Amino acid sequence: MGEDRSKLERVVEARMKLRERFEARMRSTPSVADERPQGSGPPNRHGMPQLPPDQYLTKKWPVLDLGVKPLVSREAWRLTIDGACEAPRVLTWDDLMALEQVEDVSDFHCVTTWSKLDIRWRGVRLVDAIASAQPREDAGFLLFHAYDGYTTNIPMEEAVKADVLLAYEAEGEPLLIEHGGPVRVITPQLYAWKGAKWIKRIELLTEDRLGFWEQNGYSNSAHPWRNDRYSRPRW
Ligand SMILES: Nc1nc2c(c(=O)[nH]1)N[C@H]1C(S)=C(S)[C@@H](COP(=O)(O)O)O[C@H]1N2
Ligand SMILES: [Mo]
């Protein structure tokens, strides 16, 4: 117990250091700087339009993927965190449970124009998992790899935001396979393709590397409130 406690304290310390390092860049990313909703539930939408430009509201939860839904149990699930870090590691389900568990309500904006509001998630902050691997000073980017072969990338200043989770429950239920169970990433302040379902590996990088959709014409930055969908004109 005492040992677990000091482990948790070390993660909190590492999280704070990591956030400190990226604070300026966090503040200068549009979703924060222009005080648009930050994805962390109704309070952040207060006085703002409910939906980002050109999005429509859906109550259903559509499923989007590349056609493969890998079946991974909680027992078999492993998450490798490696690349530009001092302590690369492979997390098991129990390792994930040993980190601080959080609940957050946030929105989900798909680039294909549907948005689902107020999803109640349970999971672990991505920043904690990353911090536990001790990212090197020069680690500024992440590439997510999923069990279906999907990849997507985000900069560290997006990864350390409080509403970015390794999520394993939605609305109080274990995350369904089609939605990325046992564990997926969510990035409420970015279009939802940035959140890898069936997360398998987080590669820390010193330079940005594009994921699947980012290589196929979607915007690398992906800010819903800026209607920031494509990396190049569509004709
Ligand atoms: N592993 C994996 N993650 C993925 C995808 C995918 O094809 N594979 N699709 C992305 C896209 S385009 C979206 S909109 C969301 C959809 O999540 P949902 O199916 O739970 O609605 O997952 C994202 N994460
Ligand atoms: Mo999507």
Side-chain angles (χ1 to χ4, degrees), residues 31 39 51-74 76-81 91 96 104-124 126 129 142-155 158-159 161 163-203 209-232 234:
S31 52
L51 290 168
D54 298 342
Q55 293 293 112
Y56 74 90
L57 183 65
T58 177
K59 298 277 178 201
K60 286 178 291 184
W61 191 357
V63 171
L64 269 107
D65 52 51
L66 303 175
V68 183
K69 292 173 184 49
L71 192 66
V72 186
S73 66
R74 285 180 170 179
W77 176 78
R78 296 289 182 274
L79 173 60
T80 300
I81 306 177
L91 277 84
L96 190 71
D104 194 31
V105 174
S106 62
D107 300 342
F108 199 86
H109 307 297
C110 176
V111 70
T112 63
T113 75
W114 56 268
S115 289
K116 189 168 164 58
L117 303 183
D118 298 330
I119 304 182
R120 184 164 55 88
W121 301 97
R122 185 175 170 81
V124 166
L126 183 67
L142 290 78
L143 185 63
F144 299 119
H145 301 257
Y147 276 94
D148 61 342
Y150 183 81
T151 54
T152 186
N153 59 302
I154 57 172
E158 294 296 339
K161 289 176 179 173
D163 54 5
V164 177
L165 304 182
L166 290 166
Y168 57 82
E169 279 182 20
E171 305 299 348
E173 300 288 340
L175 198 56
L176 296 176
I177 291 165
E178 57 261 44
H179 289 302
V183 186
R184 75 173 300 161
V185 179
I186 56 158
T187 57
Q189 303 189 41
L190 304 176
Y191 285 116
W193 89 76
K194 291 288 189 179
K197 308 202 280 190
W198 314 293
I199 184 71
K200 178 182 165 189
R201 178 180 174 210
I202 300 170
E203 192 180 355
R209 200 190 306 155
L210 300 182
F212 177 80
W213 285 118
E214 291 82 4
Q215 289 173 35
N216 285 283
Y218 280 168
S219 159
N220 193 21
S221 41
H223 282 289
W225 295 91
R226 294 283 168 109
N227 214 342
D228 170 23
R229 298 169 197 268
Y230 306 103
S231 59
R232 50 184 160 74
R234 285 176 299 147

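In listed order, ligands and their atoms are each counted from 1. Everything numeric here is computed off the predicted structure, so don't read it as measured data. Residue numbers count from 1 along this sequence.
- Shown in contact with Pro62 at under 4.0 Å from a heavy atom are these atoms of ligand 1, numbered in order with element: 18 (P), 19 (O), 21 (O).
- Ranking the protein heavy atoms by distance from atom 16 (C) of ligand 1 puts Leu64 O, 3.7 Å first.
- Contact annotation for Phe108 and ligand 1: only side-chain heavy atoms (C-beta onward) come within less than 4.0 Å of the ligand.
- Between the side chain of Ser219 and the backbone N or O of Ser221 there is at least one donor-acceptor pair closer than 3.5 Å.
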Would you give me the side-chain donor-acceptor pairs under 3.5 Å for residues 53-63, sequence neighbours excluded?
from  : atom 1 : to     : atom 2 : distance (Å)
Asp54 : OD2    : Asn227 : ND2    : 2.9
Gln55 : OE1    : Arg229 : NH1    : 2.9
Gln55 : OE1    : Arg229 : NH2    : 2.9
Gln55 : NE2    : Cys110 : O      : 3.1
Gln55 : NE2    : Trp114 : O      : 3.1
Gln55 : NE2    : Ser115 : OG     : 3.0
Thr58 : OG1    : Lys60  : N      : 3.1
Thr58 : OG1    : Lys60  : O      : 3.4

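- The single protein non-hydrogen atom nearest to atom 12 (S) of ligand 1 is Trp193 CB, 3.5 Å, given as residue, atom name and distance.
- Aromatic ring pairs are classed by plane angle as parallel below 30°, tilted from 30° to 60° and perpendicular above 60°; the pair Trp225 and His109 is perpendicular.
- Residue contacts with ligand 1 for Tyr147 are absent, since no atom lies close enough (heavy atoms, distance under 4.0 Å).
- In this structure, the salt bridge (charged side-chain N to carboxylate O under 4.0 Å, His left out) partners of Arg120, at least two apart in sequence or on a different chain, are Glu103.
- Here the protein heavy atom with the shortest distance to atom 7 (O) of ligand 1 is Asp65 CA, 3.0 Å.
- Closest to atom 19 (O) of ligand 1 among all protein heavy atoms lies Lys197 NZ, 2.5 Å.
- Interface of Trp198 with ligand 1, defined as ligand atoms under 4.0 Å from a residue heavy atom, comprises 1 (N), 2 (C), 8 (N).
- Relative to atom 15 (C) of ligand 1, the option among Lys194, Arg184, His179 with the closest non-hydrogen atom is Arg184.
- Without hydrogens or angle criteria, Glu169 side chain to Leu175 main chain gives no donor-acceptor distance under 3.5 Å.
- Between Ala146 and ligand 1, no N or O atom pair is found at a separation short of 3.5 Å.
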Pair Lys69, Asp148 - check side-chain contact (heavy atoms from CB on, under 4.5 Å), show working. CA-CA 7 Å; Lys69 292 173 184 49; Asp148 61 342; over 6 Å; no
